[in-house]
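Predicted model only: the values in this text are computed from it and were never measured. Just so we're on the same page: letters track the sequence lines, and every chain starts at 1.
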Amino acid sequence: MEASYSPSEMMIVTAARALAGVRTVFVGVGLPNSACNLARRTVAPNLELIYESGVYGARPARLPLSIGDPTLISGATSICSMTDLFGLYLQGGRVEVAFLGGAQIDRFGNLNTTVIGDWEHPKVRLPGSGGACEIAINAQRVFVVMRLKRRAFVDQLHFLTSPGHLGGGGDREELKLPGAGPQLVVTDKCVFRFDETTREMTLESLHPGVELAEIQAEVGWDLKRASDLRQTERPSEEELRLLREELDVQELYR
Amino acid sequence: MQDAIAAYVRDGDMVAIEGFTACICFAAAHEIIRQGRRDLILCRMTPDLIYDQMIAAGCARKMVFSYLGNPGVGSLYCVRRAVEEGIPRPIELEEYSHFGMVGRYTAGAYRLPFFPLRSYKGSDLPRINPRIQYVESPYSSETIAVVPPLNPDVAILHAPRADRRGNTHLWGLLGVQKEAAFAAQRVIVVVEEVVGTDVIRSDPNRTVIPDVVVDAVVREPRGAHPSYVQGYYDRDNAFYLSWYEISKDRASAEDWLDEWVHGVADRATYVEKMGIETWDRLRSGDAWSAPVNYGAYD
């Protein structure tokens, strides 16, 4: 019998596998943090974690609540000012993959972390960009990790904080944005990639046990899907063991 | 601290209490609240709980920032009440991204008219903040985003140690402490320990803020709680989590300010009131760096 796992564990494992062979990754807290730590133990042993707080090569001894947690500093390869972090590491092109998320995403992977409603008279005031706007522009590739919900996967963003593929096609190239933009969206139900020509979000695989109709019901536009729609590979026993026994010590994602 | 705030922070000032997650000087913020400063323009990359509390206390009329959240936890409810409902007073927002704020301090410190950065193209941020502009490079046909300099009237920066002149050693997260110090008109440095100049001079690479930009040095142990100082005490994540419940409701936020800010005379009283079990819980283990040899060249 195969081991059971939570939707969060499925997301972490799927994101970790996508980091195969990657050297530098820009991390946030939460699921991406666990995904990066898992990847370093499995598919990307040379992976170095970069945090916008000014940390390169973190070796966290505990699960950090924030990206400025002191456990990210002790034992790290380098600590620098945020001027150096954004100027030398990010804008200097040293970030291969960056993880982003948001309250809203559209079909071209543009993200909103600023406001629900109107900016002047917000219904809900969200945190805003942080480093996300320039991360989305400068990282070589962007991976998005978000739970699949209709209020998040919207036809029209209330605010465009961080550019994805903008209006699709060659919009990023036209604006000379250095990075290639969003490549992958990992959710609790499925995985999306982006069409090579139109840059539109395309359903690539369904997690085990998920029906196609469940996906379209949670997406606010007419969803495109890959011709060879697959099932996402389930977490292995070894991945689950690493996550539960060595990484996710506080059982946050069970 | 009372003297430093009384002397250097005035009503209507543009104030930057910086420190990214670490070294956030809550002790100074609480003293500003106790002294009843009004109409401040508060600048910080991450307003964090510190500006949530100052805004709940009615100190500010405007905030300049780039990330408005309780890191890893959720919303800043006092800021949200001010923005969404004008409670206790409406607040004007001037919003950037992190790199934009970093660039603003850097331009301010370098006395440059603007800072160019690869950000904002395609984003809605320039639409709601007309101070984010674009210029064409004189060396190519590229257009690039620019942000204006930020020169606060006063910067308040927490650090592990300094000498009496203000020569300040900083380790752990460096944030934009140096840039903010050089950009500001007046600078208050707040430290865990005041050390001799010989300690500072034994390790000059670690001196991030020099005396020439510092106006006042305040010794205030544990003055950064609930944020942390690397190697001195841990971040009080439990408090950051509990602020979610405290701040959700206006009355409970005000009760908290009454008890922990207005209800205590100074930081030493706050530290004592927190209790020994808090400080035991936040104690960190040791991880010393290997010493380096600068060499003697006499």
Contact class of [X] relative to chain A, heavy atoms under 4.5 angstrom:
X         : value
Tyr105(B) : neither
Leu117(B) : both
Arg118(B) : both
Thr106(B) : side chain
Thr21(B)  : side chain
Met45(B)  : side chain
Val73(B)  : side chain
Tyr228(B) : side chain

(message) So that I know where these two stand, are His165(A) and Phe194(A) an aromatic pair - ring centroids less than 6.0 Å apart?
(response) yes
(message) Please tell me whether Tyr77(B) and Tyr244(B) form a close aromatic pair, meaning their ring centres lie under 6.0 Å apart.
(response) yes
I'd like to check [X] versus [Y] (side-chain heavy atoms, cut-off strictly below 4.5 Å). Are they in contact?
X         : Y         : result
Tyr232(B) : Ser284(B) : no
Tyr89(A)  : Phe26(A)  : no
Gln177(B) : Thr168(B) : no

Report which part of [X] has an atom under 4.5 Å of a heavy atom belonging to chain B: side chain, backbone, both, or neither.
X         : answer
Pro178(A) : side chain
Asp69(A)  : both
Ile137(A) : side chain
Leu166(A) : side chain
Leu175(A) : both

Closer than 4.0 angstrom, basic N to acidic O: yes or no for [X] and [Y]?
X         : Y         : result
Glu48(A)  : Arg59(A)  : yes
Arg62(A)  : Asp234(B) : yes
Arg147(A) : Glu218(A) : no

Please check if any side-chain donor atom of [X] sits under 3.5 Å from a side-chain acceptor atom of [Y], or the reverse.
X         : Y         : result
Tyr51(A)  : Asn33(A)  : yes
Thr197(A) : Arg199(A) : no
Arg206(B) : His169(B) : no
Asn70(B)  : Trp243(B) : no
Arg131(B) : Asn129(B) : no

(request) Give me the contact list for residues 81-94 of chain B versus chain A, heavy atoms only, anything under 4.5 Å, ordered by residue number. (result) Val83(B), Glu84(B), Leu93(B)
Heavy-atom pairs under 4.5 Å with chain A - which of [options] has more of them than the others?
options                                 : value
Leu68(B), Leu174(B), Val102(B)          : Leu68(B)
Gly172(B), Pro71(B), Gly175(B)          : Gly175(B)
Phe65(B), Tyr96(B), Tyr67(B)            : Tyr67(B)
Ser227(B), Pro47(B), Ser123(B)          : Ser123(B)
Gly122(B), Gly69(B), Ser75(B), Gly74(B) : Gly122(B)
Leu76(B), Thr46(B), Leu125(B)           : Leu125(B)

(request) Find the one option among Ser74(A), Gly75(A), Cys133(A), Gly87(A) whose heavy-atom pairs under 4.5 Å with chain B are most numerous. (result) Cys133(A)
(message) Shorter than 4.5 Å, heavy atoms on both sides: which option in Ser129(A), Cys80(A), Gly130(A), Gly128(A) has the most such pairs with chain B?
(response) Gly130(A)
(message) So does Glu200(A) get a backbone contact from the side chain of Asp195(A), meaning a donor-acceptor N/O pair under 3.5 Å?
(response) no
(message) Counting only heavy atoms from other residues, nucleotides and ligands, does the tally under 6.0 Å from OH of Tyr134(B) exceed 12?
(response) yes
(request) With Lys178(B) as reference, evaluate Leu170(B), Leu157(B), Thr207(B), Val208(B) under the side-chain contact (heavy atoms from CB on, under 4.5 Å) test and give the passing residue. (result) Val208(B)
